Amino acid sequence: MSKQGVTPRSEDYSAWYNEVVVQAELVDNPEKTPVRGCMIIKPYGYELWEAVKSNLDRRFKETGHQNAYFPLFIPMSFLEKEADHVEGFAPELAVVTHGGGKELAEPYVIRPTSETIIGEAMSRWIQSFRDLPLLLNQWANVVRWEKRTRPFLRTSEFLWQEGHTAHATHDEAQAEALQMLDIYAEFAIEKAAIPVIKGQKSDQERFAGALRSYTIEAMMGDGKALQAGTSHNLGQNFARVFDIQYVDENNEQQYCWTTSWGVSTRMVGAIIMAHGDDQGLRLPPEIAPIQVVLVPIWRKDEEKVGVLEVVDRLRDTLKAKGLRLHVDLRENVTPGYKFNDWEMRGVPVRIEIGPKDVEKGSAAIARRDIPGKAGKEFINQDKVVDHVLQLMVDIQANLLKQATEFRDSNITIVENDYEKFGEILRNNGWALTWFCGGAECENRTKEDFQAVSRCFPLDQPQPAMKGKCICCEGEADRMAYFAKAY
RNA sequence: CGGGGUAUGGCGCAGUUGGUAGCGCGCUGUGUUUGGGACGCAGAGGCCCUCGGUUCGAGUCCGAGUACCCCGACCA
C-alpha cells in the first residue's frame, strides 16, 4: 500500500469502511478476490469471527441446543414447497444443474438458509411429544446471489449459524424465539459492546415464511441501522409443508411449531462500524483476537538485551493472567510504524518498552479507545499487570458507553409530524414514531426517504398507549424505529 | 437490469505526433537507524486484459469480446 492510513470517516464513511477492512487485514482486497461478491477472510478477520462464534456457541449449548450439519445442496422442490419462502429467495438463488458431468434430474439449490432441508429431516425424526423440543443449530456457509456486496455486511457467500427448533406449542416456540433474541442481544451488548435494540419486524420486513420475525438492530458510526441478528417464530408454516407432526399425550397428531434464528459474519461488520475511528478498528477486549501488543524499542544491541528481558518478563506474567498477547519483534519497521499498524488493527492495549523504561523500571501503556498520544501513559513495571487487567474492563465499558451515547443522541421521538420525520431520516438519524405497520405506509417512507421501519422495539416507550401512524394517521398501538439501513 | 468509468511489475499510477516501457510505494541484500508511519547504496520483478485488424513497426490507432469498479432499482 502506498497510502498511509485511511480516509477519515467524516469525509467518506463508505470509503473508510472499505479501506479499514483491507488495511486491518480482515479480508483480502475485494477487488482482487477472484470470486465476485465473495470474500476471502484473512486470519485476523477470521479470528474475530471465531470470537463471535465461540461465544455464541457456548450460549447455545448452555440453553440445550446441539450442533448438527445438513447438506449444502437442497433439492429445488424443497424450496418450492413454501410459497412465501421460495418467492422471497428465488431471485438470489445459486442453482447447481450439473454433477459428475451429467445434467441432474432435479437441480440443487445451494442453501440460502436451511429451513426446508432441516424441516424435511425433522418430519422423519419427530414422532412423539417425547421427541420435543428438538433444539438444533448448525454452523455453515450460505449463498445468496447479491447484486451489490460489501465485505461482511453483504456478500454472496457468508458464514453464519442457523438454529432450528421444533416445539409442541405456539407458546414454547414463541419463548424460544425470544430467548434466542435475548442471547444475541446479551452477546452484542456484553461482548461486542454494541448497544442493540431488540424488536419485532414489520410484516413487510419479516422473514419469508415466518409468523413473526425479531431482530437486534445496531446503529453504525454513520447513523445507519444494521440488523445484527434475527430470530423467527415460524408458526406451523414449515411444519405443515414438511409434515412435521407429533403424537400428543392424547394420541392425536399435531403439527409442530418451529423457530429459526441466525447471526452471520455481518456481526463482524457491525463491530467494525460501531466502534471504528479515523485510526482504524477499535475492538472490545472481550472479543479482540489480540488484547495486548508489546512493542520493544531499542537503539543498540546492548539496549536490546535489557529491553527484551523486560518484555519477556511482562509477556509471561500477562499471559499467565490469560490475556491474548502478541510481541511485535519485527526489525524491518520502526516503532512508530508499529504503533499505527496496531491501532489500525484495533488492539485494545499497547505496551511500549524502551531503554528509558529499562532504566526507570517503567512502561508506556497506550489504550486504543483514546486515540493517539492522549491515551498513552507511563507507569511502573510492577503495576503493569493490574493496570492492564483494569484497562480490559475499562475499555470494554467505555466502548459500550460511547456507542450507547452516540446511539441515544441520534434517536429522535417524533409524533404526528411527517416533515420532521423525514428530516430525521434524511440526516441518517433514527426516528421513533407511531406506526400502523401497514405496507402502504412503509412503501411510502421507503420512496420518500429510502428508509423503512427497523423494528417495533419490544421495550415500548409508551406501553399501553396508542397514537396516530406517522404516515396514514390511522390508529397505531406500537411505536417503531425508522432509519436508513445497510 | 439501466447510466458512467477502468484494464500497464505485488500495490498506486505515468506513458507525448505509433519506434519495443517508466515513477512512487512495497519486495530482496547490505549498512546506518529505531520513544508516533526512517534513510543510503546495490538488486529482482512486466503475455501492457483477450482475440482480430491497420502498419515496416501497436501499451498507443480501429473493431469485437471479457472482467472489474462506481452511481441508481432488489436484499440476512
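Everything numeric in this text was worked out from a predicted model, so none of it was measured. First the proteins, then the strands, lettered A, B, ... as listed; each starts at 1.
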Applying the 5.5 Å / 30° rule, does A:Phe158 stack onto the base of B:A76? yes
From the list B:G12, B:C74, B:A38, which nucleotide is the closest neighbour of the side chain of A:Lys147? B:C74
Heavy atoms only, 4.0 Å cut-off, all strands: where does A:Thr155 land among base, sugar-phosphate and nothing? base
Is the gap between the ring centers of A:Phe70 and A:His164 under 6.0 Å? no
Could you tell me how far B:C41 sits from B:U8 if I compare only their C1' atoms? Round to whole Å. 29 Å
Measure from the side-chain heavy atoms of A:Lys376 and tell me the nearest of B:G36, B:G37, B:G35. B:G36
Taking any heavy-atom pair under 4.0 Å as a contact, classify A:Tyr486: base, sugar-phosphate, or nothing. nothing
Taking 4.0 Å as the cut-off, does a side-chain nitrogen or oxygen of A:Arg36 come that near to OP1 or OP2 on B:C69? yes
Consider the side chain of A:Pro335, meaning its heavy atoms from C-beta on, and name the nucleotide among B:A76, B:C75, B:G35 that approaches it most closely. B:G35
What about A:Asp357: does its side chain form a donor-acceptor pair under 3.5 Å with the base of B:G35? yes
Return the nearest nucleotide to the side chain of A:Trp298; candidates are B:G35, B:C69, B:U34. B:U34
Could you check which of B:G37, B:C27, B:C69 has an atom nearest any side-chain atom of A:Glu31? B:C69
Between A:Arg111 (CZ) and B:A76 (P), how many Å, whole number? 19 Å
With rounding to the closest Å, how many angstrom separate the P atoms on B:C68 and B:A58? 30 Å
Answer yes if the ring centres of A:Phe158 and A:Trp49 are under 6.0 angstrom apart, and no otherwise. no
Which part of the nucleic acid, if any, lies within contact of A:Lys32, taking any heavy atom under 4.0 Å across all strands shown: a base, the sugar-phosphate backbone alone, or nothing? sugar-phosphate
So, does A:Arg148 get its side chain near the phosphate of B:C71, meaning an N or O under 4.0 Å from OP1 or OP2? yes
Without decimals, in angstroms, what is the distance between A:Asp28 CG and B:C11 P? 10 Å
Protein-nucleotide distance (A:Glu331, atom CD; B:U32, atom C1'), rounded to Å: 14 Å
Establish, with yes or no, whether the OP1 or OP2 oxygen of B:U33 is under 4.0 angstrom from a side-chain nitrogen or oxygen of A:Arg299. no
The side chain of A:Tyr337 lies closest to which of these nucleotides: B:C75, B:A38, B:A76? B:A38
Is there a side-chain contact between A:Lys300 and the phosphate of B:U32, meaning an N or O under 4.0 Å from OP1 or OP2? no
Just to be sure I understand the rule, does A:Pro112 reach a base, reach only the sugar-phosphate, or reach nothing, if contact means heavy atoms closer than 4.0 Å? nothing
Under 4.0 angstrom, heavy atoms only, what part of the nucleic acid is A:Arg150 near: base, sugar-phosphate, or nothing? nothing
Under 3.5 Å, is there an N or O donor on one side and an acceptor on the other linking the side chain of A:Arg350 and the base of B:G36? yes
Would you measure the distance from the C1' atom in B:U28 across to the matching atom in B:G9 and give it in whole Å? 15 Å
Check whether any side-chain N or O of A:Thr334 sits under 4.0 Å from OP1 or OP2 of B:U34, and answer yes or no. no
Is any NZ, NE, NH1 or NH2 atom of the basic residue among A:Lys383 and A:Asp386 found under 4.0 Å from an Asp or Glu carboxylate oxygen of the other? no
